[in-house]
Protein chains: 2
Amino acid sequence: MQMENTAAALAIADQSAEAIVRRHIAVGIEIQNLCFVNERYQRSLPVAMSTFTLSGDKEIYGKGEEAVLFFKLVLGMVRTCTFLKNGRRQIDAFYLPGNVFGLEVGAEHNLTAETVCRSRVISYRRRDLEVLATNSERFSAVAFSFAMQSLARAQEHAVLLGCRSAVEKLATFLTDLAAYSPKSEMLSLEMSRRDIADYLGLTIETVSRAFGHLVDKSLIDLSTARQIRLKDPEGLRLLTS
Amino acid sequence: MQMENTAAALAIADQSAEAIVRRHIAVGIEIQNLCFVNERYQRSLPVAMSTFTLSGDKEIYGKGEEAVLFFKLVLGMVRTCTFLKNGRRQIDAFYLPGNVFGLEVGAEHNLTAETVCRSRVISYRRRDLEVLATNSERFSAVAFSFAMQSLARAQEHAVLLGCRSAVEKLATFLTDLAAYSPKSEMLSLEMSRRDIADYLGLTIETVSRAFGHLVDKSLIDLSTARQIRLKDPEGLRLLTS
DNA sequence: CGGCACTTTGAGAGTGTTCAAGGAAGGTGG
DNA sequence: CCACCTTCCTTGAACACTCTCAAAGTGCCG
């Protein structure tokens, strides 16, 4: 992890991502399930924090590592995942700017966190938050709310994995993404087909064919593999079932 | 919901279930992820509570209902699930005696809770817990811990649904159950094949065939469809991967 | 322009689902 | 206590969907 505290680091980030950040930080706690350490709280946070930038596909922490820090994403995208003995990988969630991740209740992280693309992250000391929570009912309520909303998200994911076909899974994934996108018709995917496959419990080939299927039904357009235009968001939502 | 406050109601419950309860309540918060309102805390809980018994397949609350109460299971088994428009059902979790369920952060329940078999349940007022949590850092920490452990459970479930074959899913399900069973070699399943199928994201036929497969490999024995003996727990665990 | 990683496409195999029928278990009434 | 009925579970065969393996196409970067 290369540590950077200069303003130059921020300049590296591309502008569209910046726009997303501004939007999320501004709206703060209301819009982002996973964002509870927002600008307002941050000022009163007595935690020693550092900010750093990572390129893509870099591990932030590994499953089983001691959970001393937790993180907030500023720019880019992060995934949390589990690796199985049979070589498979299950991605649990993708995090967008403003989201908090890596906060645990046990001694260890129970997932691995990696950057999807070049990302900027703030780290916080977990102990500092715990102290804060015991002194402030507001913070403890927010922490509880954070955990419960993460829970709801994980439960939705389980429904997605358990009850849907490949095309339905992809349609659900895209509509979910669109809900967090500034221009909801145009999506630019930061993650690879492999990432999507491992999130949806499919193979990359099946994901690719599902994209093809959506294009054939003219629900979406692909200018490149990662630039998607939602031609018929309502039609997509019908597949969400 | 028929309300019962007499000792007679308890006598209805069969003895083996009673034994499970005694074990779980005694060990309390440590052993049961979802048990935080245990005997020790209960005495100091100023919540107005009622206890009632339901027969099997009865709804305790529905998805979208106002979440005024939450519950603790005393005897029997409860499932939480989601119904999709296409008629499918995804079971999110099974709850054992001692487990707490139905505690929400939003205004509404976001799952449906039903009894799997005849069950005895205690209800609590959510507001009372909230008051307690704001006054006691201990309670708020326990609430947070409860939520985070539920989260870890849901994430495990997502891995189960995303990365495993039918036989692996069933093997994982059985070993998980065995971990909570007093005599871990003998399992008596309270839930139907349909319940298991909807929990594992399979059909009942596939579940049945998976059972057959485990019998063929002499990892388990079925005296009846719901009475299982684990002949080779370690062999099962290898399938857990 | 070439090389590399990612994505798409195709064909065949495998796994789980669907549809259908038979069998076992539990509950009820005679 | 037995017969019947209903519900649940199992088994079989054909089918659909996804996976696997293989190869070709695309875009990106040096």
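The analysis underlying the following values was restricted to heavy atoms, covering all of them including side chains, and did not include hydrogens, waters or symmetry mates. All chains are named by letter (A, B, ...) in the order of the sequence lines, taking the proteins before the strands, and each is independently numbered beginning at 1. Being a predicted model, the structure only gives us computed values, none of them experimental.
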B/Arg226 (side chain) donor-acceptor with B/Glu190 (main chain) under 3.5 angstrom: yes
- line: Separation of C/dT8 atom P from A/Leu222 atom CG, nearest Å, is 7 Å
field: Between P of C/dC6 and CG of A/Asp198, the distance in whole Å
entry: 13 Å
- request: Send over the distance from B/Asp57 CG to D/dC8 C1', rounded to a whole Å.
  value: 12 Å
task: Ignoring hydrogens and angles, tell me if any N or O in the side chain of B/Thr172 forms a donor-acceptor pair with the backbone of B/Glu168 under 3.5 Å.
output: yes
message: If we ignore hydrogens and angles and just use 3.5 Å, is the side chain of A/Thr115 paired with the main-chain N or O of A/Ser55 as donor and acceptor?
response: yes
- prompt: Rounded to whole angstroms, how far apart are CG on B/Asp216 and P on D/dT10?
  reply: 12 Å
query: From C/dG16, D/dT18, D/dT10, pick the nucleotide closest to the side chain of B/Leu202?
result: C/dG16
query: With distance as the sole test, does A/Glu65 use its side chain to make a donor-acceptor pair with the main-chain N or O of A/Gly62 at under 3.5 Å?
result: yes
B/Thr206 side-chain N/O to C/dT17 phosphate OP1/OP2 under 4.0 Å: yes
query: Checking all strands, does A/Thr224 fall into the base, sugar-phosphate, or nothing category for heavy-atom contacts under 4.0 angstrom?
result: nothing
query: Does OP1 or OP2 of D/dT10 have a side-chain N or O of B/Arg193 closer than 4.0 Å?
result: yes
message: Please check: side-chain N/O of A/Thr206 versus main-chain N/O of A/Leu202, any donor-acceptor pairing under 3.5 Å?
response: no
statement: Whichever of A/Ala225 and A/Arg209 has the more 5' nearest nucleotide on DNA chain C, that residue is A/Ala225
- request: Could you pick out which residue, A/Ser223 or B/Val207, lies toward the 5' side of DNA chain D when each is mapped onto its nearest nucleotide?
  value: B/Val207
- line: Whole-Å distance, A/Ile204 CD1 to C/dC6 C1', equals 8 Å
Distance in angstrom units between B/Glu205 CD and D/dA16 C1', rounded: 15 Å
Comparing B/Phe211 and A/Arg88 on DNA chain D - which has the more 5′ nearest nucleotide: B/Phe211
query: Can you tell me if the side-chain N/O atoms of B/Ser208 get under 4.0 Å from OP1 or OP2 in D/dT10?
result: yes
- prompt: Does the side chain of A/Thr203 get closer than 4.0 angstrom to OP1 or OP2 of D/dC19 through an N or O atom?
  reply: yes
field: Separation of D/dT10 P from B/Ile228 CD1 (nearest whole Å)
entry: 9 Å
message: I need the CZ-P distance between A/Arg164 and C/dT17, as an integer number of Å.
response: 16 Å
Phosphate-side-chain proximity, B/Arg226 and D/dC9, N/O vs OP1/OP2 below 4.0 Å: yes
